[in-house]
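Beneath this line is the structure, given in structure tokens, with notes to follow.
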Amino acid sequence: MKKVVLVTGASSGFGKFTALELIKKGYTVYGAARRVNKMQELNEAGGHSIAMDVTNDESVDEGIKQIIKEQGRIDVLVNNAGYGSYSFIETADLEQMKRMYDVNVWGLVRVTQHVLPYMRKEKKGKIINISSIAGKASLAFMGFYSSSKFAVESISDALRQEVGRFGIDVAIIEPGAFSTGFEDTVFNELKEVKVGEAYQPILDNFTPSFKKTYENAPTPEPVVKAIVSAIERKKPKTRYAVGMDAKMGVFMKSLLSDRIFDNMMLSQMNMK
Ligand SMILES: NC(=O)c1ccc[n+]([C@@H]2O[C@H](COP(=O)([O-])OP(=O)(O)OC[C@H]3O[C@@H](n4cnc5c(N)ncnc54)[C@H](OP(=O)(O)O)[C@@H]3O)[C@@H](O)[C@H]2O)c1
């Protein structure tokens, strides 16, 4: 029987390429996002696109009910929808940060809550949560985004302990920088950010080094491969750091003292 997979954030980046790869591998794939017009390729490849805003309870409820009506179950949920909104802690617009939390944290929880009753009924399932290297190490100017991914990490760990008894497993993907729509959204969000005089020089130094990171960033295949591996392995790893920067980041964070790590990261991002 073909496994039924729901991928959120399937209109772009990791979600889109994961959905297309899973269709190629013979899964029944539902891709969910707000921009349905960006999921034409997914439909043409044999997948199903669903209009879903993960911040809206009714929208999530309708989407999940549609899949259950058409397929009877959801075997795998890939919680991928998310974006980066960066600010300094002192000057952040809290409403803007809350909007990001609504997607990265509450959106992930909302979709999970709607899917879990059906997975428990089947006594099996897999939930793959897309975190980030930012969920392992917090950086200046990215503190709120990092904290949303730290939340994804801790919620995923608790969830794994809670639902293992029902035959459901949880894996976390921790990508470093990859070339997707992520960078564009970061700069779009930045248009609304007022950092104030004291922080402006730090931001002026950060912007070119962030741009450079993404100019040199690899394409998403390794992340897609890690997600597919977590889906296909009987017992997936609990976390997959993907990309040299993510692997190095996790290693350095475990090795160095906080202050040495702080200095290293500030130098690397040209923010000292
Ligand atoms: N690229 C990186 O360097 C990187 C690194 C680490 C982690 N990540 C994480 O990877 C995940 C995917 O991002 P990406 O890099 O593939 O970026 P992307 O190309 O911008 O894709 C983001 C996806 O999230 C969806 N989304 C955003 N808000 C949504 C909402 N309210 N409801 C439903 N879907 C929503 C977008 O769809 P619509 O706008 O059409 O709704 C889009 O499909 C995110 O969780 C991100 O934090 C990315």
Side-chain angles (χ1 to χ4, degrees), residues 6-21 30-42 47 49-60 62-64 77-86 98-111 114 128-137 139 142 144-153 155-156 172-189 210-224 226-227 239-247 249-250:
L6 166 60
V7 182
T8 69
S11 62
S12 171
F14 298 152
K16 176 181 172 178
F17 292 111
T18 300
L20 290 173
E21 180 64 16
Y30 283 77
R34 293 165 305 176
R35 293 170 298 171
V36 190
N37 61 326
K38 297 261 178 198
M39 292 190 283
Q40 205 49 41
E41 203 180 328
L42 190 149
S49 61
I50 292 188
M52 185 188 285
D53 181 344
V54 298
T55 68
N56 182 310
D57 212 50
E58 212 177 296
S59 164
V60 172
E62 271 175 24
I64 303 301
L77 165 63
V78 182
N79 272 316
N80 163 75
Y83 69 95
S85 191
Y86 300 166
K98 282 181 191 170
R99 283 197 292 278
M100 176 178 60
Y101 264 67
D102 265 347
V103 177
N104 294 6
V105 183
W106 301 124
L108 174 144
V109 173
R110 179 173 292 108
V111 179
H114 279 83
I128 319 288
N129 288 338
I130 312 304
S131 172
S132 168
I133 177 58
K136 305 296 277 191
L139 302 184
M142 297 185 204
F144 288 101
Y145 175 66
S146 272
S147 67
S148 77
K149 293 301 187 179
F150 269 68
V152 168
E153 295 270 336
I155 286 167
S156 303
I172 307 165
I173 311 289
E174 298 161 338
F178 282 89
S179 176
T180 62
F182 186 83
E183 184 200 6
D184 289 345
T185 310
V186 166
F187 281 110
N188 250 341
E189 286 287 305
F210 181 77
K211 270 199 177 134
K212 202 166 148 213
T213 302
Y214 275 86
E215 268 162 26
N216 298 323
T219 49
E221 292 83 1
V223 175
V224 173
I227 297 171
R239 356 179 88 72
Y240 295 75
V242 191
M244 198 43 88
D245 53 346
K247 288 192 172 109
V250 171

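Whatever order the structure lists them in is the order used to number ligands and atoms, beginning at 1.
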- Task: Evaluate the ring planes of Tyr145 and Tyr86, with Trp represented by its six-membered ring, and classify them as parallel (under 30°), tilted (30 to 60°) or perpendicular (over 60°).
- Result: tilted

Any idea which protein heavy atom is nearest [atom], and the distance to it?
atom                    : value
atom 17 (O) of ligand 1 : Thr180 OG1, 3.4 Å
atom 31 (N) of ligand 1 : Asp53 OD1, 2.9 Å
atom 19 (O) of ligand 1 : Ser12 OG, 2.4 Å
atom 22 (C) of ligand 1 : Gly82 O, 3.6 Å
atom 34 (N) of ligand 1 : Ala81 CB, 3.5 Å
atom 32 (N) of ligand 1 : Val54 N, 3.0 Å
atom 43 (O) of ligand 1 : Ser11 OG, 2.8 Å
atom 16 (O) of ligand 1 : Phe14 N, 2.9 Å

Hey, what do you get for [atom1] ([X]) to [atom2] ([Y]), rounding to the nearest 0.5 Å?
X      : Y      : atom1 : atom2 : value
Thr18  : Glu221 : OG1   : CD    : 10.5 Å
Asp57  : His114 : CG    : NE2   : 4.5 Å
Asp184 : Tyr83  : CG    : OH    : 15.0 Å

- Query: Between Phe187 and Phe210, is the gap from one ring center to the other below 6.0 Å?
  - Reply: yes

- Task: Over all heavy atoms of both residues, which pair between Ser12 and Gly181 is shortest? Give the atoms and the distance, please.
- Result: OG-N, 3.9 Å

- Note on the structure: Minimal heavy-atom distance between Ile133 and Gly176, with the atoms involved, is CG2-CA, 3.7 Å

- Query: Below 4.0 Å from any atom of ligand 1, is there a heavy atom belonging to Ser131?
  - Reply: yes

- Heavy atom of Ala134, distance to ligand 1 below 4.0 Å: no

Counting each atom of ligand 1 from 1 as listed, which ones have a heavy atom of [X] under 4.0 Å away?
X      : answer
Gly13  : 16 (O), 19 (O)
Met52  : 32 (N), 33 (C)
Ile130 : 9 (C), 10 (O), 11 (C)
Tyr214 : 2 (C), 3 (O)

Tell me whether [X] has any N or O atom under 3.5 angstrom from an N or O of ligand 1.
X      : result
Phe178 : yes
Ala177 : no
Thr55  : no

Below 4.0 Å, non-hydrogen atoms only: which portion of [X] touches ligand 1? Side chain, backbone, both or neither.
X      : value
Ala32  : neither
Ala10  : backbone
Lys149 : side chain
Asn80  : both

- Query: Should we count CD of Glu41 as having more than 12 external heavy atoms under 6.0 Å?
  - Reply: no

Without swapping roles, check the side chain of [X] against the backbone of [Y] for a donor-acceptor pair under 3.5 Å.
X      : Y      : answer
Ser179 : Thr219 : no
Thr55  : Asp102 : no
Arg34  : Asp53  : no

- Task: Have a look at Asn79 and tell me which of Val111, Val152, Ile172 forms a side-chain contact (heavy atoms from CB on, under 4.5 Å) with it.
- Result: Val111

- Exactly one of Glu153, Lys136, Lys149 clears side chain to side chain donor-acceptor pair (under 3.5 Å) with Ser131, and that residue is Glu153

- Item | Proximity winner for atom 30 (C) of ligand 1, if only heavy atoms of Arg35, Met39, Arg34, Glu183 are counted | Arg34

